[in-house]
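Here's the structure we're looking at; comments come further down.
A quick note: this is a predicted structure, and the numbers were derived from the prediction, not measured.
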Amino acid sequence: MKLLAVPGSLKRESSNAALVRAVASAPSRVDVDVWDELDGLPHFSPERVPNEHVDALRAAVAAADAVLVATPEYAGGMPGALKNALDWLVGSGELYGKRVVVVSAAPDTARGHNARRWVEEVARMQGATVRDSFTVAITPADNDAQIASKAAAVLQRTVAAVDD
């Protein structure tokens with residue numbers, strides 16, 4: 001299985017980016033590819049010509065069997081940069097028929113549900129099948145080993161959700 005993991009934050013050291021990188025490093029039979037070029041995407045407009053980052057996003061989604069989106073919650077929703085990335089997939093259709101899992105790394109498992117709901121809705125509107133959505137508690141006190149353990153559990157849950 002080829003899994004595309006997308007960190008939904010522009011902050012390089014965000015909990016969601018750390019989780020995605022740890023998922024990609026977890027020992028597994030799954031080929032995990034991290035796409036972390038959010039900052040290179042131009043603002044979406046239907047008449048705008050895609051740049052190389054848009055092309056890379058579209059190619060990565062098209063090549064993946066499933067997509068794992070890790071989203072922080074900003075002001076009760078997903079970050080604008082992540083929404084912009086998803087908007088770039090609207091007209092080209094790469095998400096259509098894709099299996100998607102949405103995760104949020106937050107200090108508490110009771111958080112992140114609004115951002116996840118927004119990502120779920122946008123993915124479904126583009127024809128994706130959202131197979132699972134959950135929050136993983138990651139705090140600033142977590143060390144690399146703790147994050148790696150949580151990432152392995154996220155990968156296992158993701159594979160279970162998307163494996164046919």
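Smallest separation of non-hydrogen atoms from Pro7 and Leu38: O-CD1, 3.3 Å. Pairing each heavy atom of Ala137 with each of Lys150, the nearest pair is O-NZ, 2.6 Å. Among all heavy-atom pairs drawn from Thr71 and Pro79, the shortest one is OG1-CD, 3.3 Å. Trp35 approaches Ala60 most closely through the heavy-atom pair CD1-CB, 4.3 Å. Pairing each heavy atom of Ala64 with each of Leu4, the nearest pair is CB-CB, 3.7 Å. The two atoms that bring Ala161 and Asp132 nearest to each other are CB-CB, 3.8 Å, heavy atoms only.
Among residues at least two apart or in separate chains, ring pair (Phe, Tyr, Trp, His ring centres under 6.0 Å) pairs with a member in residues 69-91 are Phe44-Trp88.
Around CD of Gln146, the count of heavy atoms belonging to other residues, nucleotides or ligands within 6.0 Å exceeds 12. Atom CG of Asn143 has more than 12 heavy atoms from other residues, nucleotides or ligands within 6.0 Å.
Remark: the Arg99 side chain and the Thr129 side chain contain no N/O donor-acceptor pair separated by less than 3.5 Å.
The closest side-chain heavy-atom distance from Asp39 to Leu41 is not below 4.5 Å. Between Val130 and Arg124, some side-chain heavy-atom pair lies under the 4.5 Å cut-off. Looking at Val100 and Glu120, their side chains never come closer than 4.5 Å, going by heavy atoms from C-beta outward.
No side-chain donor-acceptor contact under 3.5 Å links Lys83 to the backbone of Val119. In this structure a side-chain-to-backbone donor-acceptor pair under 3.5 Å is present from Arg48 to His43. Side-chain N or O atoms of Glu73 include one that pairs as donor or acceptor with a backbone N or O of Asn114 at under 3.5 Å. Remark: side-chain polar atoms of Lys2 are not paired, donor with acceptor, to backbone N or O of Ala66 under 3.5 angstrom. For the pair Asn84 (side chain) and Pro42 (backbone), a donor-acceptor distance under 3.5 Å is present.
With hydrophobic clusters built from ILVMFWY side chains whose heavy atoms lie under 4.5 angstrom apart, Val6 does not share a cluster with Val34. Criterion: ILVMFWY side-chain heavy atoms under 4.5 Å apart, direct or through other members. Under it, Val20 and Val69 are not part of a common hydrophobic cluster.
Electrostatic pairing of Asp36 and Arg21 does not count as a salt bridge here, judged by no charged N lying under 4.0 Å from a carboxylate O. Using a 4.0 Å cut-off between a side-chain N of Lys or Arg and a carboxylate O of Asp or Glu, Asp163 and Arg131 do not qualify as a salt bridge.
In this view, Thr135 and Ser104, Ala106, Arg116 satisfy the side chain to side chain contact (heavy atoms under 4.5 Å, CB included) rule, not counting sequence neighbours.
The distance from the NZ atom of Lys11 to the CD atom of Glu13 is 8.5 Å, given to the nearest 0.5 Å. A distance of 10.0 Å separates OG of Ser149 from CG of Asp142, quoted to the nearest 0.5 Å.
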Practice item. Mind running side chain to side chain contact (heavy atoms under 4.5 Å, CB included) on Leu86 and Leu95 for me, showing each step along the way? Key: CA-CA 9 Å; Leu86 295 172; Leu95 272 179; 4.0 Å; yes

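In this structure, Leu155 belongs to a hydrophobic cluster whose other members, linked by side-chain heavy atoms under 4.5 Å apart, are Met1, Leu3, Leu19, Val23, Val30, Val32, Leu68, Val101, Val103, Phe134, Val136, Ile138, Ile147, Val154, Val159, Val162.
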